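Below is one structure, written out as structure tokens, with a few remarks after it.
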Amino acid sequence: MNEQPTYFSRNRPISLEHHWLPFTPNRDFRTDPRLIARAEGMYYYTPDDRPVLDMSGALWCSHLGHGRKEIGQAIAEQFPVLDYAPSFGFGHTISFELADRLSAILPEGLGHILFTNSGSESCDTAIKVAYAYHHARGQSGRKKIIGRQKGYHGVGFGGLSAGGITANRTAFGSWLPADHLRHTHLPQKNAFTRGLPEHGVELAEELAELIAFHDASTVAAVVVEPVIGAGGVYLPPKGYLKRLREICDQTGVLLILDEVITGFGRLGSPFASQEFDVKPDITTMAKGLTAATVPMGAVAVADFVHDEIMARGPEGGVELLHGYTYSAHPLACAASIACLDVYERENLLTRASGPAGDALGDALFSLRDLPEVVDIRHYGFIGAVEFRPGEKPGKRGQAIFKACWNEGLMVRALGDIIAVSPPLVIEQDHVGEFAEKFRRAVETTLA
């Protein structure tokens, strides 16, 4: 029996037994661990200092790469000034500064911001705001949430209910009344599309049918990702999101866009709603909000939603009975403001729409000749290569994922789909390195 090597953290030996990793096959991991010791720029480094190119932006979230000194400095400078302050009944100045900065880049009319600590919390918060809005209007019967198949909205019970990845809720159930639109993936018509697919706008009509079936007076909100992320990287057909907006307007249903992945420059505009010219009533965000340096999320709420809840609140009482101990944590606020400074200074929120985004698309589509590739999808700084399933769904994708790691490449495996979402600072050399290492990993796996 082969003995596992001894691993160290800060010169102390560590065991791999006690940390239960999330969304990870832990038994498999312990036999073949993929450990990270440090990170800098576009690279992670293993304990033996082997570089691994980060082509997944960690978990779609390291927008600025790793180890940006200006972010660390902002956090360090904030700590002795104000390390923490409660936000229940109190306020601190830096959170209001951040809210002002965010409102300047968000779509017009989304002028009120609630802070959370993750995308999961943001989704649950958005649903509660939708409920509170309808309650304030005397329509408390509106509790139904309509999500979409393959959608991912975090792991809170609200997000699980709205989400459309069946495996994620099999053991936990769906605790909110929810229904789901079909996903928009039409491989027979849209395979190997760069940008938005031409076919599938008619699928939006299912929303009108579902609302009519349930009765609009029972439906609170529609929750969709502009681009389905963890469910497989599926882009919306042209006109699809705008049609959802029209149907929501006609039926009094709120439109929640989950921009946890697509926010902060992933597609070439600050937010996907701006890129696709569709205005949500509520937007969720996280990840790029602090470029993953400190946990933080947020929910931007339309002025009319906020104003309705405020107007109907009890005189002198709490209008929205919701929040978290760490809402708008001062260190997270400092990190976020520093990130916004970098985004602005380096023009990163629109960089994906330029040559760097095109280069990633060229690299992805250069892999079309690899064995078992059945589709490639790309927009800005997000893309996917889909492989034909082997003897067991997901097994081929997991094997390619591991081979990429061995080649010094970090990607995401979503079943038999390999997804990429690199930091916004990716350069041409990194794109070439990705294409070379990915090709080698696939050819090694499928030889």
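Please read these numbers as outputs of a predicted model, since none were measured by experiment. Reckoned from all heavy atoms, side chains included, excluding hydrogens, waters and symmetry mates.
- Between Arg245 and Asp249 there is a salt bridge, with a side-chain nitrogen of the basic residue lying less than 4.0 Å from a carboxylate oxygen of the acidic one.
- Between Tyr324 and His322, the ring planes lie perpendicular to each other; the angle is over 60°, past the 30° to 60° tilted range.
- Residues in residues 221-245 take part in these ring-ring contact (aromatic ring centres under 6.0 Å, His included) pairs, two or more places apart or across chains: His185-Tyr234.
- Of the residues listed (Glu202, Glu206, Glu205), the one engaging Arg243 in a salt bridge (Lys or Arg N to Asp or Glu O under 4.0 Å) is Glu205, and it is the only one.
- Note: Phe157 CZ to Ser174 OG = 10.0 Å, rounded to the nearest 0.5 Å.
- With respect to the salt-bridge test (charged N to carboxylate O, under 4.0 angstrom), the residues Lys150 and Glu225 do not qualify.
- You'll find the ring centres of Tyr43 and His66 outside the 6.0 Å limit.
- With hydrogens and angles ignored, the 3.5 Å screen pairs no side-chain donor or acceptor of Arg137 with any backbone N or O of Glu308.
- Taking the centre of each ring, Phe304 and Tyr133 come in below the 6.0 Å mark.
- Between Asp179 and Lys144, none of the side-chain N atoms (NZ, or NE/NH1/NH2) sits under 4.0 Å from a carboxylate O, so this pair counts as no salt bridge.
- Taking the ring centroids of Phe365 and His378, they lie at or beyond the 6.0 Å cut-off.
- With sequence neighbours excluded, no residue forms a side-chain hydrogen bond (donor to acceptor under 3.5 Å, both in side chains) with His92.
- Relative orientation of the His63 and Phe264 rings is perpendicular, given thresholds of 30° and 60° on the angle between their planes.
- Side-chain N or O atoms of Gln274 include one that pairs as donor or acceptor with a backbone N or O of Phe271 at under 3.5 Å.
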